[in-house]
2 protein chains.
Amino acid sequence: MMTVHEVSKLAGVSIRTLQYYDKIGLLHPTGYTDAGYRLYDDADLERLQHILLFRELEFPLKDIKAIINSPDFDRGKALEQQIELLRLKKEHIENLMNFALGIKILGVKHMDFKAFDRSKLDEYSRQAKELYGSTPEYKEMEEKQKNRTEEDEKILADRFMLLFKEAGEIKNSDPASADAQNLVKRIQDYITENLYTCTNKILRGLGKMYSGGGDFTTNIDAYGGEGTAVFVANAIEIYCDNAG
Amino acid sequence: MMTVHEVSKLAGVSIRTLQYYDKIGLLHPTGYTDAGYRLYDDADLERLQHILLFRELEFPLKDIKAIINSPDFDRGKALEQQIELLRLKKEHIENLMNFALGIKILGVKHMDFKAFDRSKLDEYSRQAKELYGSTPEYKEMEEKQKNRTEEDEKILADRFMLLFKEAGEIKNSDPASADAQNLVKRIQDYITENLYTCTNKILRGLGKMYSGGGDFTTNIDAYGGEGTAVFVANAIEIYCDNAG
DNA sequence: TATAAACTATTACGTAACGTCAGAGTCAAT
DNA sequence: ATTGACTCTGACGTTACGTAATAGTTTATA
């Protein structure tokens with residue numbers, strides 16, 4: 001059980017924000033002390049993670065609340081949407097970068113505002129919200145394909161983990177070896193095909209998370225045996241350096 | 001001279017926003033009709049572009065006003081900062097994507113909020129703001145290196161344009177030729193080295209802008225002769241297709 | 001030339017997501 | 001017992017607009 005102060009520090013949100021989220025019913029702590037002090041547990045933190053992700057995507061808190069409290073709220077689906085939205089946001093930023101380059105270097109004078117267009121982004125987030133406030137008919141339709149996606153998801157995760165199992169088998173060899181490097185490429189490809197374009201830079205970021213000693217490390221090692229995460233991280237480093 | 005309606009349509013901001021920006025002195029139109037209707041010219045639109053860029057970067061309007069109205073406001077420098085900030089924002093989003101992947105696929109359970117950390121971004125934008133509200137001493141120091149950067153900038157732009165001059169010379173050859181493809185690579189490298197990491201995806205976006213028929217096209221053709229922009233755009237397409 | 005249709009202006013009020021006090025109770029340690 | 005650190009709950013302020021409401025303006029058409 002954590003106090004507001006601790007959660008605030010850990011998650012990087014202000015105490016006032018936590019109090020506010022409690023007030024509007026977005027994130028109630030699991031308990032209160034006799035004096036009325038808020039006490040948060042791990043499940044609350046998990047909720048907070050989702051809230052913050054949606055917040056980064058500029059969802060109004062009201063909508064976030066509706067989504068998270070929805071009876072058919074599905075973590076996996078939500079994360080998928082979030083990833084897709086992040087992808088769109090990244091694209092938006094890339095457009096802006098090109099736009100800025102245009103007026104800086106090429107001296108574009110006549111007025112072009114296409115780069116500021118957010119319709120794609122807004123369209124998708126509108127859809128994401130609709131999913132959770134929908135009519136019974138719509139829900140039924142959704143329900144059917146939900147099972148499909150749920151299964152798909154398991155398969156998705158399992159196949160990803162298989163890659164780490166493979167890594168475990170060669171974790172004592174050279175991370176620069178052809179086998180290891182090939183595995184890295186397959187990890188990258190797998191992410192790109194199933195989730196989002198995994199550039200070398202992103203891959204490098206992933207590598208750091210793997211070897212960081214946190215839960216990533218633990219989970220990967222659970223599949224491949226101790227040292228797997230660090231081994232993969234090393235292989236990724238080498239891979240990215242060479243691709244450089 | 002454009003009316004509010006026209007500017008609103010073109011730039012994708014609401015009329016109310018334009019009226020508001022006028023009211024708070026962020027963007028006064030150059031003129032008014034006898035009836036008090038706002039009239040905007042191209043310079044106003046240019047200002048609006050900068051405003052929108054800063055707004056995308058989450059600068060408060062007050063700060064944007066201070067920056068834009070500053071006597072030592074420097075378009076080029078501002079754009080450079082904006083690009084750097086966009087780069088940081090992109091990185092931030094990539095971190096979030098990896099984070100989302102972590103909890104989705106790897107089942108990271110224990111709580112990690114590092115991905116939400118905005119300190120780097122905030123730090124840089126703080127610095128950017130400081131530049132324009134700084135003490136005389138600081139300003140003097142800045143002034144000295146301003147000349148340097150101003151010169152650098154000219155050189156930067158000139159060298160970039162030289163690439164298009166080169167493109168002009170081969171614009172009647174095959175865009176898939178080794179020469180053309182090599183030129184594309186040099187354009188990409190130039191941007192990456194001097195401005196921001198220009199991935200193939202970004203490059204593809206640039207290509208589209210080049211051939212879009214707008215000012216990009218005009219400006220490039222001014223350096224390489226008619227058809228240069230489209231030629232480069234074609235070469236970029238081929239280049240990116242081959243790179244996968 | 002009258003008059004509708006479309007545009008614009010200003011004023012006023014509403015909203016979202018907090019930040020910032022202010023006043024008061026709580027807890028841990030000295 | 002008191003100090004310092006922490007927490008609570010209002011109440012009000014703020015930013016960047018959206019949303020009417022009311023009124024004047026311009027353009028097109030009958």
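The chains referred to below are lettered A, B, ... by the order of the sequence lines, with proteins before strands, and numbering in each begins at 1.
- Within a 6.0 Å radius of CD in Glu226(B), other residues, nucleotides and ligands contribute 12 heavy atoms or fewer.
- One finds the CD atom of Glu6(A) at 9.5 Å from the CG atom of Leu39(A) (value rounded to the nearest 0.5 Å).
- Side chain to side chain, Asn200(B) and Gln188(B) meet the donor-acceptor criterion of an N or O pair below 3.5 Å.
- Within the structure, ring-ring contact (aromatic ring centres under 6.0 Å, His included) contacts touching residues 39-61 of chain B (residues at least two apart or in different chains) are His50(B)-Phe73(B), Phe54(B)-Phe59(B).
- With respect to the salt-bridge test (charged N to carboxylate O, under 4.0 angstrom), the residues Glu84(B) and Arg87(B) qualify.
- Of the options Arg38(A), Arg16(A), Arg47(A), a salt bridge (charged side-chain N to carboxylate O under 4.0 Å, His left out) to Asp22(A) is made by Arg38(A) and by none of the others.
- The pair Arg118(A)-Glu56(B) meets the salt-bridge criterion, since a charged nitrogen lies less than 4.0 angstrom from a carboxylate oxygen.
- With values rounded to the nearest 0.5 angstrom, Asn98(A) atom CG is found 12.5 Å from Ile93(A) atom CD1.
- Comment: Glu80(B) does not engage Lys77(B) in a salt bridge, judged by the lack of any side-chain N to carboxylate O separation of less than 4.0 angstrom.
- Atom CG of Leu52(A) is separated from atom C1' of dC18(C) by 14 Å (rounded to the nearest Å).
- With a 4.5 Å cut-off on side-chain heavy atoms, Gln82(A) and Leu96(B) do not count as touching.
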Nucleotides 28-30 of chain C: which of its N/O atoms have a protein N/O under 3.5 Å away?
none

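- When all heavy atoms of Met97(A) and Leu86(B) are compared, the pair lying nearest together is CG-CB, 3.6 Å.
- Side-chain atoms of Asp117(B) do not come within 3.5 Å of backbone N or O of Lys114(B) as any donor-acceptor pair.
- Per the geometry, CG belonging to Leu61(A) stands 16 Å off P belonging to dT15(C), to the nearest Å.
- In this structure the side chain of Phe99(B) reaches within 4.5 angstrom of the side chain of Leu53(A), judged on heavy atoms.
- Within residues 28-37 of chain A, the residues approached by DNA chain D to less than 4.0 Å at the level of any non-hydrogen atom are Gly36(A), Tyr37(A), in residue-number order.
- Side-chain nitrogen and oxygen atoms of Arg38(B) include at least one within less than 4.0 Å of the OP1 or OP2 phosphate oxygen of dT10(C).
- The outermost nucleotides of DNA chain D lying under 4.0 Å from heavy atoms of chain B, listed 5' to 3', are dT15(D) to dT26(D).
- Contacts with DNA chain C (heavy atom under 4.0 Å) in residues 13-26 of chain B: Ile15(B), Arg16(B), Gln19(B), listed by number.
- Of the residues in residues 2-9 of chain B, not one comes within less than 4.0 Å of DNA chain D through any heavy atom.
- Using modelled atom types, one side-chain atom of Lys65(B) and one backbone atom of Ile24(B) make a donor-acceptor pair closer than 3.5 Å.
- Put simply, the side chain of Leu206(A) reaches to within 4.5 Å of the side chain of Leu101(B), judged on heavy atoms.
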